[in-house]
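Inspection log for the structure reproduced underneath, given as structure tokens.
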Amino acid sequence: MNNPFKRMTKREWALWFVSIAIVVMSNIMAGRVDALTLTATCIGVTSLIFAAQGNVWAPILMTIFCIQYAIISYRFRYWGEIFTYLFMSLPMSVWSIVTWLKNARNSSDGTVEIRKITRKGAGVLVLCNVAVTIAFYILLKKLNTPNLIFSTISVVTSFFAASLTMLRSSYYALGYASNDIVLIILWILASIKDPGYIPVVVNFLIFFLNDMYGFICWKKRETAQC
């Protein structure tokens, strides 16, 4: 539980500063600076930088982001996002904190040990995802959720991403990157009705770039670990 900023490389500092700057500018240019959206995005971006390091502060910050993002989603009645982040991503982020702390490869820097998913584990993960998808589709349909198909796909990608994070797989970042793409589409659709949501679209574009950076970092660490 040390200071994760001390371990950031020049590349990560540059990525962090540029990401925050773009997020702030998008909010200002939209003509409506929303404190909650801005704060949530800054926390989310910082979490992704720490996640690329494999630092336990990543899931800690993600638990805060989950709550904030659920509130943002409530404004547009995106029930899928609300339920996904409050009742799935949030608990799994808390669980990730526990598993990451238990599997820190080097206690001095808080770096978590990467785990390879077995075929059996992958099969169980897929079956759980199918069950979650069906259950959420039925629930979201009854709630008349806007953009039902994309909302359901968001649940699928969120479940995979959160599960792979908890399991310490290097593919967690690809799961989140896939989720980012879905969320970009969802918030573009929301922005058509209310341009005030354009900054949220920009936010998830930044998240996508950071998640891809995280995937590259984890694959390098996985190779070194082997």
Side-chain angles (χ1 to χ4, degrees), residues 1 3-5 8 12 15-24 26-27 33-76 78-101 110 112 151 154-166 168 172-184 186-187 190 197-215 217-218:
M1 299 298 295
N3 184 354
F5 285 103
M8 287 175 61
E12 289 170 345
L15 180 60
W16 187 69
F17 275 121
V18 171
S19 297
I20 296 297
I22 293 175
V23 165
V24 172
S26 68
N27 277 265
V33 178
D34 183 77
L36 180 61
T37 301
L38 187 59
T39 304
T41 306
C42 290
I43 290 176
V45 168
T46 307
S47 173
L48 295 181
I49 295 294
F50 295 162
Q53 299 175 354
N55 194 291
V56 71
W57 277 104
I60 292 175
L61 291 181
M62 186 53 64
T63 59
I64 300 173
F65 173 79
C66 287
I67 297 172
Q68 293 177 314
Y69 180 65
I71 297 173
I72 295 171
S73 299
Y74 175 76
R75 295 174 179 176
F76 198 75
Y78 269 152
W79 300 109
E81 297 303 291
I82 298 170
F83 284 112
T84 297
Y85 275 81
L86 280 185
F87 302 112
M88 187 172 69
S89 295
L90 179 59
M92 294 182 84
S93 291
V94 174
W95 195 351
S96 295
I97 295 172
V98 176
T99 58
W100 282 34
L101 282 172
V112 68
S151 292
S154 177
V155 173
V156 177
T157 52
S158 293
F159 181 81
F160 264 121
S163 298
L164 292 173
T165 301
M166 182 186 64
R168 297 173 284 114
Y172 85 93
L174 286 185
Y176 276 118
S178 300
N179 184 242
D180 293 335
I181 294 174
V182 179
L183 293 178
I184 288 169
L186 273 175
W187 289 107
Y197 288 112
I198 292 177
V200 183
V201 177
V202 177
N203 296 345
F204 281 110
L205 282 169
I206 297 300
F207 279 20
F208 174 79
L209 296 176
N210 280 272
D211 280 321
M212 292 309 299
Y213 172 74
F215 176 67
C217 290
W218 275 57

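Along the sequence shown, the residues carry numbers beginning at 1. In what follows, every heavy atom counts, from backbone to side chain, and hydrogens, waters and symmetry copies are set aside.
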(request) Give, for atom CG of L164 and atom CE of M166, the distance between the pair rounded to the nearest 0.5 Å. (result) 9.0 Å
(message) Does any part of the side chain of L48, heavy atoms only, come nearer than 4.5 Å to the side chain of Y176, both counted from C-beta?
(response) no
(request) Could you tell me which non-hydrogen atom of G214 sits nearest to which non-hydrogen atom of A173, and how far apart they are? (result) C-CB, 4.1 Å
(message) For the CD1 atom of I43 and the CD atom of Q68, what is their distance to the nearest 0.5 Å?
(response) 4.0 Å
(message) So that I know where these two stand, are Y85 and Y74 an aromatic pair - ring centroids less than 6.0 Å apart?
(response) no
(request) Keeping the roles fixed (side chain from T63, backbone from S93), state whether a donor-acceptor pair exists under 3.5 Å. (result) no
(request) Measure across S47 and A58 and return the closest heavy-atom pair with its distance rounded to 0.1 Å. (result) OG-O, 2.8 Å
(request) Report yes if the side chains of C217 and Y213 come closer than 4.5 Å at any heavy-atom pair, otherwise no. (result) yes
(message) Nearest 0.5 angstrom please: F207 CZ to L183 CG, how far?
(response) 9.5 Å
(request) In sequence, state the C-alpha distance, the side-chain angles, and the governing distance for T165 and W95, and then conclude on side chain to side chain contact (heavy atoms under 4.5 Å, CB included). (result) CA-CA 10 Å; T165 301; W95 195 351; over 6 Å; no
(message) Restricting to non-hydrogen atoms, name the atom on P59 and the atom on S96 that form the minimum distance, rounded to 0.1 Å.
(response) CB-CB, 3.9 Å
(message) Run the side chain to side chain contact (heavy atoms under 4.5 Å, CB included) test on I71 and L36 for me, step by step, so that the C-alpha distance in whole Å, both residues' side-chain angles and the decisive distance to 0.1 Å come before the verdict.
(response) CA-CA 9 Å; I71 297 173; L36 180 61; 3.5 Å; yes
(request) Calculate, to the nearest 0.5 Å, the distance between atoms CZ and CD1 belonging to R75 and I82 respectively. (result) 11.5 Å
(message) Walk me through whether F87 and C66 qualify under side chain to side chain contact (heavy atoms under 4.5 Å, CB included).
(response) CA-CA 10 Å; F87 302 112; C66 287; over 6 Å; no
(message) Return the CG to CD1 distance between L61 and I49, rounded to the nearest 0.5 Å.
(response) 11.5 Å
(request) Check the angle between the aromatic planes of W100 and W218 and answer parallel, tilted or perpendicular using the 30° and 60° thresholds. (result) tilted
(request) Please answer whether the main-chain N or O of S154 pairs with a side-chain N or O of T157 as donor and acceptor at a distance below 3.5 Å. (result) yes
(message) For the OG atom of S26 and the CG atom of L205, what is their distance to the nearest 0.5 Å?
(response) 9.5 Å
(request) Search all heavy atoms of F208 against all heavy atoms of A177 and return the closest pair with its distance. (result) CD1-O, 3.5 Å
(request) Return the orientation label for the Y69 and F65 ring planes: parallel under 30°, perpendicular over 60°, tilted otherwise. (result) parallel
(request) Indicate whether the side chain of N203 and that of T37 have a donor and an acceptor atom separated by less than 3.5 Å. (result) no
